[in-house]
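To start, the structure itself, in structure tokens.
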Amino acid sequence: MTVLKADIVQVHSPGWDQHRVVGAAAKEILCSLLDSCGYSVYPFGYESTFSTLKRGLRENERLKDNDIAQRIRSMPDFLVHHEEELPQLVEVKFRKAQDRPNKVELSNWEIGRYHKFWPETVLVLLSPFGDRFFAQYVKNLELEGNSYGKTWFEYTNFSSISSVFPRTTGRLEPFHMGIDKLAWLWKKEKD
């Protein structure tokens, strides 16, 4: 007699799918901006590079605290390059600071993994504030509290994306509407 195993169904919090959709849209907006400015953008994150390992890394208890598994799971989203500039590893986040104007909240645990495994990564933050594209090297982000906490950063802790990717200078405005629409979608789902 053959015994069939039931498929494992992942149950996520109600906002989980929304976070994935908004995150994917933010990555696409940044990718489109960089591509339109002559940069080559290569998927780098484990969601794309190691997609077949993804489930195993998440579900295997033995790998939970393994440094190699953690390094793979915290891989930045993109490798960005232009022949006249040094290549950059890039992690993309979308945030809409609703509770504190002029500030953005980031997870200490997540940023801490980048500090440990990918300190040279550029964190690109998309937000419906100011020029909407912000950048900072992970190694320059100082966390407050323990790894389970969150740190509120002023937008002034970040530079314009043009300071890291100079070819984007003067090219950001056409992408503002996409970020504003993401913020609207985020607000709509929260209501």
Side-chain angles (χ1 to χ4, degrees), residues 15 17-49 74-107 110-111 114-115 118-143 150-191:
D17 286 333
Q18 174 197 357
H19 291 287
R20 287 184 61 187
V21 169
V22 169
K27 289 176 193 174
E28 188 57 37
I29 289 170
L30 179 64
C31 188
S32 296
L33 167 66
L34 294 171
D35 184 62
S36 73
C37 294
Y39 291 95
S40 297
V41 182
Y42 304 99
F44 189 79
Y46 98 109
E47 293 95 347
S48 55
T49 308
S74 65
M75 290 173 70
D77 296 316
F78 300 120
L79 173 67
V80 178
H81 184 256
H82 187 279
E83 62 188 28
E84 296 175 14
E85 298 175 25
L86 295 173
Q88 300 282 355
L89 292 172
V90 176
E91 175 66 13
V92 183
K93 298 288 179 203
F94 174 84
R95 291 292 188 275
K96 182 172 187 240
Q98 295 173 328
D99 300 331
R100 298 184 186 181
N102 303 325
K103 291 189 177 189
V104 62
E105 180 184 54
L106 296 171
S107 159
E110 195 170 21
I111 300 302
Y114 293 119
H115 275 178
W118 305 98
E120 66 281 357
T121 297
V122 175
L123 176 64
V124 174
L125 177 66
L126 279 63
S127 179
F129 179 81
D131 285 335
R132 292 166 182 81
F133 290 90
F134 303 89
Q136 183 56 268
Y137 287 92
V138 168
K139 64 186 173 193
N140 295 336
L141 294 173
E142 293 187 32
L143 302 175
K150 297 184 185 287
T151 299
W152 285 91
F153 292 95
E154 301 275 344
Y155 281 99
T156 55
N157 292 119
F158 293 82
S159 301
S160 168
I161 191 172
S162 299
S163 67
V164 177
F165 299 106
R167 288 172 166 45
T168 64
T169 301
R171 310 276 307 266
L172 303 177
E173 194 170 334
F175 296 91
H176 287 188
M177 185 181 297
I179 294 172
D180 293 345
K181 286 186 177 193
L182 270 182
W184 178 83
L185 173 66
W186 187 266
K187 181 183 181 311
K188 189 85 171 151
E189 284 293 318
K190 297 271 186 194
D191 292 342

message = For the CD1 atom of I111 and the OG1 atom of T151, what is their distance to the nearest 0.5 Å?
response = 8.5 Å
key: Smallest separation among heavy atoms of P128 and K96, with atom names   = CG-CG, 3.9 Å
CZ on F165 to CG on L33, rounded to 0.5 Å = 9.5 Å
request  = May I ask you to test the D77-L30 pair for a side-chain heavy-atom distance under 4.5 Å?
outcome  = no
message = Could you check whether any side-chain heavy atom of F134 comes within less than 4.5 Å of a side-chain heavy atom of N157, counting everything from C-beta outward?
response = no
Euclidean distance, K181 NZ relative to H176 NE2, rounded to 0.5 Å = 15.0 Å
query = T168 versus F133: any side-chain heavy-atom pair under 4.5 Å?
reply = no
Point-to-point distance, once rounded to the nearest 0.5 Å, from CZ of F158 to CG of L125 = 5.0 Å
message = Which residue in the set V124, T121, V90 passes side chain to side chain contact (heavy atoms under 4.5 Å, CB included) when paired with P76?
response = T121
Shortest non-hydrogen contact from S163 toward S159 = OG-CB, 3.2 Å
note = Heavy atoms of S127 and R95 approach each other most closely as OG-O, 2.9 Å
ask   = Any side-chain heavy-atom pair from L106 and F153 closer than 4.5 angstrom?
value = yes
query = Under a 4.5 Å cut-off applied to non-hydrogen side-chain atoms, are F78 and L34 in contact?
reply = no
inquiry  = Measuring only between side-chain heavy atoms, which start at C-beta, is P119 closer than 4.5 Å to V138?
reply    = no
request  = Flag the pair V164 / V80 as yes when at least one side-chain heavy-atom distance between them is below 4.5 Å, and no otherwise.
outcome  = no
D180: partners by salt bridge (Lys or Arg N to Asp or Glu O under 4.0 Å), with sequence neighbours left out = R132
remark   = Between the CG atom in L89 and the OH atom in Y114, the distance rounded to the nearest 0.5 Å is 11.0 Å
inquiry  = Apply side chain to side chain contact (heavy atoms under 4.5 Å, CB included) to residues L126 and I29 and explain how you reach the verdict.
reply    = CA-CA 9 Å; L126 279 63; I29 289 170; 4.0 Å; yes
query = To the nearest 0.5 Å, how far apart are CD in E110 and CD in E91?
reply = 6.5 Å
task = Could you tell me whether E173 atom CD has more than 12 heavy atoms of other residues or ligands within 6.0 Å of it?
result = no
request  = Without swapping roles, check the side chain of H115 against the backbone of L141 for a donor-acceptor pair under 3.5 Å.
outcome  = yes
query = Is any side-chain heavy atom of F129 less than 4.5 Å from a side-chain heavy atom of K103?
reply = no
Could you pull out every donor-acceptor pair under 3.5 Å between side chains of residues 37-45 and any protein atom, sequence neighbours left out?
from : atom 1 : to   : atom 2 : distance (Å)
Y39  : OH     : E85  : OE1    : 3.1
Y39  : OH     : E85  : OE2    : 3.0
Y39  : OH     : R167 : N      : 3.1

task = State, to 0.1 Å, how close V122 and A135 come at their nearest heavy-atom pair, and which atoms those are.
result = CG1-CB, 4.0 Å
